[in-house]
Student: 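One structure is given below, represented as C-alpha coordinates, and several questions about it will come after.
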Number of protein chains: 2
Amino acid sequence: MEGKTFDKLRKAEDQFVEKIADNMQTFGVSSTVGRVLGTIYMNREPMTLDELSENLGMSKTRMSQVVREMLDLNIAEKVFERGVRKDLYNVERDYYQTFISLFTSNWHKAINKSKMFEQKLHRELVDLQEDEMVNEEMEQKINELLIETKEWVEYYHWISRLIDFFESGEIFEHVPKHTTKKD
Amino acid sequence: MEGKTFDKLRKAEDQFVEKIADNMQTFGVSSTVGRVLGTIYMNREPMTLDELSENLGMSKTRMSQVVREMLDLNIAEKVFERGVRKDLYNVERDYYQTFISLFTSNWHKAINKSKMFEQKLHRELVDLQEDEMVNEEMEQKINELLIETKEWVEYYHWISRLIDFFESGEIFEHVPKHTTKKD
DNA sequence: ACCTTTGTACAATATAAAGTTTACAAACTT
DNA sequence: AAGTTTGTAAACTTTATATTGTACAAAGGT
(Lines give C-alpha, C1' and ligand atoms only; values in the text may rest on other atoms or scores of the structure.)
Protein backbone atom coordinates (compact mmCIF):
# COMPACT_ATOMS: atom_id res chain seq x y z
CA MET A 1 0.00 0.00 0.00
CA GLU A 2 1.85 3.05 -1.21
CA GLY A 3 -1.17 5.33 -1.08
CA LYS A 4 -0.70 5.98 2.59
CA THR A 5 2.89 7.06 2.15
CA PHE A 6 1.84 9.25 -0.73
CA ASP A 7 -0.80 10.90 1.44
CA LYS A 8 1.71 11.59 4.15
CA LEU A 9 4.09 13.09 1.66
CA ARG A 10 1.35 15.25 0.25
CA LYS A 11 0.53 16.36 3.75
CA ALA A 12 4.14 17.26 4.42
CA GLU A 13 4.19 19.35 1.27
CA ASP A 14 1.02 21.12 2.34
CA GLN A 15 2.55 21.85 5.71
CA PHE A 16 5.53 23.34 3.99
CA VAL A 17 3.35 25.56 1.85
CA GLU A 18 1.49 26.63 4.95
CA LYS A 19 4.79 27.51 6.60
CA ILE A 20 5.81 29.67 3.65
CA ALA A 21 2.44 31.39 3.79
CA ASP A 22 2.86 31.93 7.48
CA ASN A 23 6.29 33.44 7.00
CA MET A 24 4.95 35.80 4.40
CA GLN A 25 2.19 37.03 6.66
CA THR A 26 4.95 38.59 8.73
CA PHE A 27 5.37 40.97 5.81
CA GLY A 28 1.72 41.87 5.94
CA VAL A 29 0.57 40.05 2.84
CA SER A 30 -2.50 37.86 3.05
CA SER A 31 -2.08 34.15 3.65
CA THR A 32 -3.53 33.42 0.23
CA VAL A 33 -0.65 35.20 -1.43
CA GLY A 34 1.69 33.04 0.59
CA ARG A 35 -0.16 29.87 -0.33
CA VAL A 36 -0.05 30.68 -4.02
CA LEU A 37 3.66 31.32 -3.84
CA GLY A 38 4.18 28.12 -1.88
CA THR A 39 2.07 26.13 -4.30
CA ILE A 40 3.97 27.27 -7.37
CA TYR A 41 7.22 26.84 -5.47
CA MET A 42 6.40 23.21 -4.66
CA ASN A 43 5.16 22.58 -8.15
CA ARG A 44 8.65 23.35 -9.38
CA GLU A 45 7.37 24.82 -12.59
CA PRO A 46 5.14 27.72 -13.67
CA MET A 47 1.39 27.38 -13.24
CA THR A 48 -1.74 28.89 -14.78
CA LEU A 49 -4.61 30.57 -13.00
CA ASP A 50 -6.77 27.53 -13.61
CA GLU A 51 -4.22 25.17 -12.14
CA LEU A 52 -3.88 27.36 -9.08
CA SER A 53 -7.62 27.63 -8.72
CA GLU A 54 -7.94 23.85 -8.97
CA ASN A 55 -5.04 23.18 -6.63
CA LEU A 56 -6.07 25.61 -3.90
CA GLY A 57 -9.82 25.21 -4.29
CA MET A 58 -10.35 28.92 -4.73
CA SER A 59 -12.02 30.94 -7.43
CA LYS A 60 -10.12 31.86 -10.53
CA THR A 61 -10.97 35.48 -9.88
CA ARG A 62 -9.17 35.41 -6.58
CA MET A 63 -6.16 33.76 -8.21
CA SER A 64 -6.06 36.55 -10.74
CA GLN A 65 -6.07 39.19 -8.00
CA VAL A 66 -3.42 37.42 -5.98
CA VAL A 67 -1.09 36.85 -8.91
CA ARG A 68 -1.36 40.50 -9.88
CA GLU A 69 -0.49 41.48 -6.34
CA MET A 70 2.52 39.19 -6.48
CA LEU A 71 3.67 40.77 -9.72
CA ASP A 72 3.49 44.14 -7.98
CA LEU A 73 5.56 42.82 -5.13
CA ASN A 74 8.18 41.43 -7.51
CA ILE A 75 7.88 37.91 -6.20
CA ALA A 76 6.28 36.45 -9.30
CA GLU A 77 6.65 36.86 -13.04
CA LYS A 78 4.71 36.05 -16.13
CA VAL A 79 6.33 33.36 -18.24
CA PHE A 80 5.77 32.77 -21.92
CA GLU A 81 5.81 29.32 -23.39
CA ARG A 82 5.25 28.51 -27.04
CA GLY A 83 2.02 26.78 -27.78
CA VAL A 84 0.43 27.62 -24.44
CA ARG A 85 -2.27 30.27 -24.58
CA LYS A 86 -2.88 30.62 -20.89
CA ASP A 87 -0.58 32.89 -18.94
CA LEU A 88 1.96 31.01 -16.90
CA TYR A 89 3.29 32.41 -13.66
CA ASN A 90 6.49 31.55 -11.90
CA VAL A 91 7.79 32.61 -8.51
CA GLU A 92 11.09 33.65 -7.05
CA ARG A 93 12.71 30.48 -5.71
CA ASP A 94 15.30 32.18 -3.54
CA TYR A 95 13.99 32.74 -0.02
CA TYR A 96 16.44 35.56 0.62
CA GLN A 97 15.43 37.37 -2.52
CA THR A 98 11.78 37.01 -1.61
CA PHE A 99 12.53 38.44 1.80
CA ILE A 100 14.22 41.43 0.22
CA SER A 101 11.49 41.97 -2.36
CA LEU A 102 8.76 42.00 0.23
CA PHE A 103 10.70 44.12 2.66
CA THR A 104 11.61 46.73 0.09
CA SER A 105 8.18 46.78 -1.63
CA ASN A 106 6.58 47.62 1.67
CA TRP A 107 8.97 50.46 2.39
CA HIS A 108 9.02 51.84 -1.11
CA LYS A 109 5.28 52.37 -0.78
CA ALA A 110 5.68 53.98 2.63
CA ILE A 111 8.41 56.29 1.38
CA ASN A 112 6.34 57.49 -1.54
CA LYS A 113 3.37 58.22 0.64
CA SER A 114 5.60 60.08 3.03
CA LYS A 115 7.29 62.46 0.61
CA MET A 116 4.26 64.56 -0.28
CA PHE A 117 3.26 64.76 3.31
CA GLU A 118 6.58 66.12 4.52
CA GLN A 119 6.69 68.88 1.94
CA LYS A 120 3.14 69.92 2.64
CA LEU A 121 3.61 69.98 6.40
CA HIS A 122 6.87 71.86 6.11
CA ARG A 123 5.27 74.53 3.98
CA GLU A 124 2.34 74.89 6.35
CA LEU A 125 4.67 75.33 9.30
CA VAL A 126 6.82 77.92 7.58
CA ASP A 127 3.69 79.86 6.60
CA LEU A 128 2.56 79.72 10.18
CA GLN A 129 5.94 80.88 11.36
CA GLU A 130 5.89 83.92 9.11
CA ASP A 131 2.55 84.98 10.45
CA GLU A 132 3.02 88.04 12.64
CA MET A 133 0.32 87.07 15.05
CA VAL A 134 2.30 84.34 16.81
CA ASN A 135 3.32 84.74 20.41
CA GLU A 136 6.50 83.42 21.99
CA GLU A 137 5.05 80.10 23.05
CA MET A 138 3.61 79.33 19.63
CA GLU A 139 6.84 80.32 17.94
CA GLN A 140 8.58 77.83 20.17
CA LYS A 141 6.13 75.05 19.34
CA ILE A 142 6.36 75.69 15.65
CA ASN A 143 10.11 75.45 15.81
CA GLU A 144 9.89 72.17 17.68
CA LEU A 145 7.62 70.79 15.01
CA LEU A 146 9.95 71.96 12.27
CA ILE A 147 12.78 70.14 13.96
CA GLU A 148 10.64 67.01 14.29
CA THR A 149 9.83 67.21 10.61
CA LYS A 150 13.50 67.45 9.75
CA GLU A 151 14.29 64.42 11.89
CA TRP A 152 11.46 62.53 10.29
CA VAL A 153 12.85 63.27 6.85
CA GLU A 154 16.26 62.07 7.95
CA TYR A 155 14.71 58.89 9.29
CA TYR A 156 13.05 58.22 5.97
CA HIS A 157 16.30 58.86 4.16
CA TRP A 158 17.85 56.25 6.38
CA ILE A 159 15.15 53.76 5.43
CA SER A 160 15.79 54.63 1.83
CA ARG A 161 19.48 53.87 2.23
CA LEU A 162 18.56 50.73 4.13
CA ILE A 163 16.52 49.55 1.17
CA ASP A 164 19.47 50.11 -1.14
CA PHE A 165 21.63 48.19 1.28
CA PHE A 166 19.31 45.21 0.88
CA GLU A 167 18.55 45.52 -2.80
CA SER A 168 22.18 45.82 -3.77
CA GLY A 169 22.98 42.64 -1.90
CA GLU A 170 25.46 44.45 0.31
CA ILE A 171 23.65 43.07 3.33
CA PHE A 172 25.04 39.62 2.49
CA GLU A 173 28.57 40.87 2.92
CA HIS A 174 27.82 41.61 6.55
CA VAL A 175 25.17 39.03 7.29
CA PRO A 176 26.20 36.14 5.07
CA LYS A 177 23.75 33.54 3.87
CA HIS A 178 25.78 30.65 5.17
CA THR A 179 27.68 30.77 8.41
CA THR A 180 31.28 29.77 8.01
CA LYS A 181 32.73 27.12 10.29
CA LYS A 182 35.17 29.53 11.89
CA ASP A 183 32.28 31.44 13.50
CA MET B 1 -6.77 86.43 17.03
CA GLU B 2 -4.32 83.76 18.02
CA GLY B 3 -6.91 81.00 18.20
CA LYS B 4 -6.72 80.38 14.49
CA THR B 5 -2.97 79.94 14.57
CA PHE B 6 -3.34 77.63 17.53
CA ASP B 7 -5.86 75.53 15.63
CA LYS B 8 -3.54 75.25 12.68
CA LEU B 9 -0.70 74.21 14.91
CA ARG B 10 -2.87 71.62 16.58
CA LYS B 11 -3.85 70.36 13.16
CA ALA B 12 -0.20 70.08 12.12
CA GLU B 13 0.54 68.08 15.23
CA ASP B 14 -2.37 65.77 14.49
CA GLN B 15 -1.07 65.28 10.97
CA PHE B 16 2.28 64.36 12.37
CA VAL B 17 0.75 61.82 14.71
CA GLU B 18 -1.21 60.40 11.81
CA LYS B 19 2.01 60.09 9.83
CA ILE B 20 3.69 58.20 12.63
CA ALA B 21 0.68 55.90 12.83
CA ASP B 22 0.81 55.38 9.11
CA ASN B 23 4.47 54.52 9.21
CA MET B 24 3.85 51.98 11.93
CA GLN B 25 1.13 50.28 9.97
CA THR B 26 3.87 49.19 7.61
CA PHE B 27 5.00 46.94 10.45
CA GLY B 28 1.57 45.45 10.70
CA VAL B 29 0.44 47.07 13.92
CA SER B 30 -3.00 48.65 14.09
CA SER B 31 -3.34 52.36 13.46
CA THR B 32 -4.46 52.93 17.03
CA VAL B 33 -1.15 51.68 18.34
CA GLY B 34 0.53 54.18 16.07
CA ARG B 35 -1.72 56.99 17.23
CA VAL B 36 -1.07 56.25 20.87
CA LEU B 37 2.65 56.27 20.27
CA GLY B 38 2.40 59.47 18.30
CA THR B 39 0.25 61.10 20.95
CA ILE B 40 2.63 60.33 23.79
CA TYR B 41 5.52 61.30 21.56
CA MET B 42 4.00 64.72 20.87
CA ASN B 43 3.04 65.16 24.49
CA ARG B 44 6.74 65.03 25.33
CA GLU B 45 6.11 63.39 28.65
CA PRO B 46 4.52 60.19 29.92
CA MET B 47 0.75 59.86 29.90
CA THR B 48 -1.89 57.90 31.78
CA LEU B 49 -4.59 55.71 30.30
CA ASP B 50 -7.16 58.36 31.16
CA GLU B 51 -5.22 61.10 29.42
CA LEU B 52 -4.86 58.94 26.33
CA SER B 53 -8.53 58.04 26.40
CA GLU B 54 -9.45 61.71 26.68
CA ASN B 55 -6.98 62.83 24.03
CA LEU B 56 -7.86 60.21 21.41
CA GLY B 57 -11.54 59.98 22.20
CA MET B 58 -11.35 56.25 22.71
CA SER B 59 -12.34 54.05 25.59
CA LYS B 60 -9.95 53.53 28.45
CA THR B 61 -10.20 49.79 27.99
CA ARG B 62 -8.96 50.09 24.46
CA MET B 63 -6.08 52.23 25.65
CA SER B 64 -5.20 49.57 28.16
CA GLN B 65 -5.09 46.91 25.43
CA VAL B 66 -3.03 49.08 23.13
CA VAL B 67 -0.52 50.07 25.78
CA ARG B 68 -0.06 46.44 26.74
CA GLU B 69 0.58 45.58 23.12
CA MET B 70 3.15 48.35 22.95
CA LEU B 71 4.90 47.03 26.03
CA ASP B 72 5.12 43.64 24.30
CA LEU B 73 6.61 45.28 21.24
CA ASN B 74 9.19 47.12 23.35
CA ILE B 75 8.15 50.51 22.12
CA ALA B 76 6.63 51.73 25.39
CA GLU B 77 7.47 51.42 29.05
CA LYS B 78 5.77 51.92 32.35
CA VAL B 79 7.12 54.88 34.29
CA PHE B 80 6.88 55.44 38.02
CA GLU B 81 6.49 58.87 39.50
CA ARG B 82 6.19 59.66 43.20
CA GLY B 83 2.82 60.85 44.26
CA VAL B 84 1.05 59.71 41.10
CA ARG B 85 -1.11 56.67 41.52
CA LYS B 86 -2.07 56.10 37.93
CA ASP B 87 0.36 54.22 35.75
CA LEU B 88 2.32 56.46 33.45
CA TYR B 89 3.50 55.25 30.08
CA ASN B 90 6.29 56.60 27.99
CA VAL B 91 7.39 55.74 24.47
CA GLU B 92 10.66 55.29 22.68
CA ARG B 93 11.56 58.68 21.22
CA ASP B 94 14.17 57.44 18.79
CA TYR B 95 12.62 56.63 15.42
CA TYR B 96 15.45 54.28 14.51
CA GLN B 97 15.11 52.35 17.72
CA THR B 98 11.37 52.06 17.19
CA PHE B 99 12.00 50.75 13.72
CA ILE B 100 14.35 48.12 15.08
CA SER B 101 12.04 47.14 17.92
CA LEU B 102 9.10 46.59 15.62
CA PHE B 103 11.14 44.81 13.00
CA THR B 104 12.74 42.44 15.46
CA SER B 105 9.58 41.81 17.51
CA ASN B 106 7.84 40.65 14.39
CA TRP B 107 10.59 38.28 13.41
CA HIS B 108 11.26 36.96 16.87
CA LYS B 109 7.68 35.78 16.90
CA ALA B 110 8.00 34.23 13.47
CA ILE B 111 11.21 32.46 14.41
CA ASN B 112 9.72 30.94 17.51
CA LYS B 113 6.71 29.65 15.63
CA SER B 114 9.00 28.20 13.01
CA LYS B 115 11.31 26.19 15.21
CA MET B 116 8.81 23.58 16.38
CA PHE B 117 7.50 23.20 12.92
CA GLU B 118 10.84 22.43 11.36
CA GLN B 119 11.71 19.76 13.88
CA LYS B 120 8.35 18.08 13.54
CA LEU B 121 8.44 18.10 9.76
CA HIS B 122 11.99 16.82 9.68
CA ARG B 123 11.11 13.90 11.94
CA GLU B 124 8.05 13.04 9.86
CA LEU B 125 10.10 12.98 6.68
CA VAL B 126 12.84 10.81 8.16
CA ASP B 127 10.22 8.37 9.42
CA LEU B 128 8.71 8.28 5.97
CA GLN B 129 12.10 7.72 4.43
CA GLU B 130 12.81 4.73 6.65
CA ASP B 131 9.57 3.10 5.66
CA GLU B 132 10.34 0.14 3.40
CA MET B 133 7.28 0.63 1.27
CA VAL B 134 8.61 3.62 -0.66
CA ASN B 135 9.30 3.40 -4.35
CA GLU B 136 12.02 5.23 -6.21
CA GLU B 137 9.91 8.25 -7.08
CA MET B 138 8.70 8.77 -3.53
CA GLU B 139 12.20 8.39 -2.18
CA GLN B 140 13.25 11.13 -4.55
CA LYS B 141 10.46 13.44 -3.45
CA ILE B 142 11.18 12.87 0.21
CA ASN B 143 14.79 13.76 -0.34
CA GLU B 144 13.81 16.92 -2.14
CA LEU B 145 11.62 17.93 0.77
CA LEU B 146 14.39 17.21 3.24
CA ILE B 147 16.66 19.49 1.28
CA GLU B 148 13.99 22.17 1.21
CA THR B 149 13.61 21.88 4.94
CA LYS B 150 17.32 22.30 5.42
CA GLU B 151 17.36 25.40 3.25
CA TRP B 152 14.41 26.76 5.16
CA VAL B 153 16.25 26.31 8.44
CA GLU B 154 19.27 28.10 7.01
CA TYR B 155 17.05 30.93 5.87
CA TYR B 156 15.65 31.33 9.34
CA HIS B 157 19.12 31.29 10.81
CA TRP B 158 19.94 34.12 8.50
CA ILE B 159 16.95 36.10 9.73
CA SER B 160 18.09 35.39 13.24
CA ARG B 161 21.53 36.81 12.48
CA LEU B 162 19.87 39.72 10.71
CA ILE B 163 17.96 40.53 13.87
CA ASP B 164 21.19 40.54 15.85
CA PHE B 165 22.70 42.79 13.24
CA PHE B 166 19.94 45.30 13.91
CA GLU B 167 19.62 44.90 17.65
CA SER B 168 23.34 45.27 18.23
CA GLY B 169 23.36 48.50 16.30
CA GLU B 170 25.90 47.13 13.85
CA ILE B 171 23.57 48.16 11.05
CA PHE B 172 24.41 51.80 11.77
CA GLU B 173 28.05 51.19 10.99
CA HIS B 174 27.10 50.32 7.43
CA VAL B 175 23.97 52.36 6.99
CA PRO B 176 24.68 55.41 9.13
CA LYS B 177 21.93 57.55 10.58
CA HIS B 178 23.30 60.75 9.12
CA THR B 179 24.88 60.89 5.71
CA THR B 180 28.33 62.45 5.80
CA LYS B 181 29.12 65.24 3.37
CA LYS B 182 31.80 63.22 1.63
CA ASP B 183 29.13 60.86 0.27
C1' DA C 1 -17.09 36.75 -39.26
C1' DC C 2 -18.20 33.74 -35.45
C1' DC C 3 -17.43 31.18 -31.46
C1' DT C 4 -14.29 29.94 -27.52
C1' DT C 5 -11.07 30.80 -24.11
C1' DT C 6 -8.83 33.75 -20.84
C1' DG C 7 -8.22 37.42 -17.66
C1' DT C 8 -10.12 41.25 -15.04
C1' DA C 9 -13.96 44.83 -13.07
C1' DC C 10 -17.71 45.17 -10.26
C1' DA C 11 -21.14 44.15 -6.87
C1' DA C 12 -22.61 40.89 -3.22
C1' DT C 13 -21.37 37.98 0.53
C1' DA C 14 -18.53 35.83 4.08
C1' DT C 15 -14.92 36.15 7.30
C1' DA C 16 -11.61 38.42 10.30
C1' DA C 17 -9.94 42.35 12.89
C1' DA C 18 -10.59 46.45 15.61
C1' DG C 19 -13.01 48.80 19.02
C1' DT C 20 -16.69 49.49 22.71
C1' DT C 21 -19.63 48.29 26.58
C1' DT C 22 -20.40 45.83 30.61
C1' DA C 23 -18.73 43.57 34.51
C1' DC C 24 -15.40 42.56 37.86
C1' DA C 25 -10.91 42.12 40.67
C1' DA C 26 -7.00 44.44 42.84
C1' DA C 27 -5.03 48.39 44.93
C1' DC C 28 -5.63 52.47 47.43
C1' DT C 29 -8.36 55.97 50.71
C1' DT C 30 -10.59 57.21 54.45
C1' DA D 1 -14.00 47.51 56.46
C1' DA D 2 -16.72 50.18 53.20
C1' DG D 3 -16.18 53.08 49.26
C1' DT D 4 -13.31 54.75 45.27
C1' DT D 5 -10.32 54.46 41.72
C1' DT D 6 -7.63 51.92 38.37
C1' DG D 7 -6.63 48.20 35.22
C1' DT D 8 -8.10 43.92 32.79
C1' DA D 9 -11.20 40.08 30.91
C1' DA D 10 -15.21 38.64 28.20
C1' DA D 11 -19.03 39.35 25.23
C1' DC D 12 -20.74 42.14 21.85
C1' DT D 13 -20.77 45.60 17.84
C1' DT D 14 -18.77 47.83 14.20
C1' DT D 15 -15.58 48.25 10.55
C1' DA D 16 -12.33 46.46 7.29
C1' DT D 17 -10.62 42.78 4.44
C1' DA D 18 -10.90 38.54 1.76
C1' DT D 19 -13.53 35.78 -1.33
C1' DT D 20 -16.94 34.56 -4.67
C1' DG D 21 -20.30 34.88 -8.66
C1' DT D 22 -21.70 37.36 -12.57
C1' DA D 23 -20.63 40.14 -16.48
C1' DC D 24 -17.80 41.66 -19.98
C1' DA D 25 -13.74 42.89 -23.01
C1' DA D 26 -9.60 41.28 -25.41
C1' DA D 27 -7.14 37.77 -27.88
C1' DG D 28 -7.07 33.14 -30.34
C1' DG D 29 -8.83 29.62 -33.16
C1' DT D 30 -11.68 27.88 -36.97
Side-chain angles (χ1 to χ4, degrees), chain A residues 17-18 20-22 24-40 46-73 76-91 102 106 109 113, chain B residues 17-18 20-22 24-40 46-73 75-90 102 105-106 109:
Chain A
V17 171
E18 209 54 32
I20 291 175
D22 202 56
M24 290 184 68
Q25 275 197 296
T26 308
F27 290 105
V29 299
S30 83
S31 57
T32 307
V33 171
R35 284 197 199 102
V36 167
L37 185 136
T39 302
I40 301 181
M47 294 174 78
T48 65
L49 292 182
D50 286 319
E51 286 171 333
L52 287 170
S53 171
E54 159 75 22
N55 199 305
L56 289 170
M58 286 185 197
S59 72
K60 191 175 164 187
T61 304
R62 182 61 183 144
M63 295 303 101
S64 173
Q65 292 173 338
V66 165
V67 164
R68 222 148 22 99
E69 189 180 342
M70 288 169 68
L71 292 175
D72 277 354
L73 293 167
E77 59 176 357
K78 207 187 261 198
V79 169
F80 297 97
E81 198 170 312
R82 334 189 309 131
V84 180
R85 268 192 9 201
K86 303 185 187 186
D87 291 351
L88 284 164
Y89 299 97
N90 204 359
V91 294
L102 290 173
N106 268 342
K109 269 183 248 162
K113 261 202 283 182
Chain B
V17 170
E18 210 53 34
I20 291 176
D22 202 54
M24 290 185 67
Q25 274 197 296
T26 309
F27 291 104
V29 299
S30 85
S31 58
T32 308
V33 171
R35 285 197 197 100
V36 167
L37 185 137
T39 302
I40 302 180
M47 294 174 78
T48 65
L49 292 181
D50 285 321
E51 286 171 333
L52 287 169
S53 171
E54 160 74 22
N55 199 304
L56 288 170
M58 285 186 197
S59 72
K60 188 174 164 187
T61 303
R62 183 61 185 141
M63 293 304 101
S64 174
Q65 291 174 340
V66 165
V67 165
R68 220 146 23 97
E69 189 179 342
M70 287 169 69
L71 293 175
D72 277 353
L73 292 168
I75 54 174
E77 59 176 358
K78 206 186 261 196
V79 169
F80 296 96
E81 199 171 311
R82 338 189 307 130
V84 180
R85 269 194 5 205
K86 303 185 188 187
D87 291 351
L88 284 164
Y89 299 96
N90 203 359
L102 290 173
S105 297
N106 268 341
K109 270 183 243 160

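No hydrogens, no waters, no symmetry mates; every other heavy atom, side chains included, goes into these values. So you know, we letter chains A, B, ... as the sequences are listed, proteins then strands, and number each from 1.
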Student: So does A:Thr32 get a side-chain nitrogen or oxygen closer than 4.0 Å to the phosphate oxygens (OP1/OP2) of D:dT19?
Tutor: yes
Student: With DNA chain C as reference, determine whether A:Gln65 or A:Asp87 sits nearer its 5' end, using the nearest nucleotide of each.
Tutor: A:Asp87
Student: Taking the side chain as C-beta and beyond, is there a heavy-atom pair between A:Asp22 and A:Glu18 under 4.5 Å?
Tutor: no
Student: Verify the contact: side-chain N or O of B:Ser30 to OP1 or OP2 of C:dG19, cut-off strictly under 4.0 Å; return yes or no.
Tutor: yes
Student: Going by distance alone, is a donor N or O of one side chain under 3.5 Å from an acceptor N or O of the other, for A:Arg68 and A:Gln65?
Tutor: no
Student: Locate the shortest heavy-atom distance separating B:Phe27 from B:Asn106; write the atom from each residue and the value.
Tutor: O-ND2, 3.0 Å
Student: Nearest to the side chain of A:Arg85, which nucleotide is it out of D:dG28, D:dT6, D:dA9?
Tutor: D:dG28
Student: Measure from CE on B:Met63 to P on C:dT21 and round the result to the nearest Å.
Tutor: 12 Å
Student: If the cut-off is 4.0 Å, is A:Ser64 near the phosphate of C:dT8, judged by side-chain N/O to OP1 or OP2?
Tutor: yes
Student: Looking only at non-hydrogen atoms, find the nearest pair between B:Pro46 and B:Glu51 and report the distance.
Tutor: O-OE1, 4.1 Å
Student: If only side-chain N and O atoms of B:Arg62 are considered, is one of them under 4.0 Å from the OP1 or OP2 phosphate oxygen of D:dA9?
Tutor: no
Student: With DNA chain D as reference, determine whether B:Asp50 or B:Arg68 sits nearer its 5' end, using the nearest nucleotide of each.
Tutor: B:Asp50
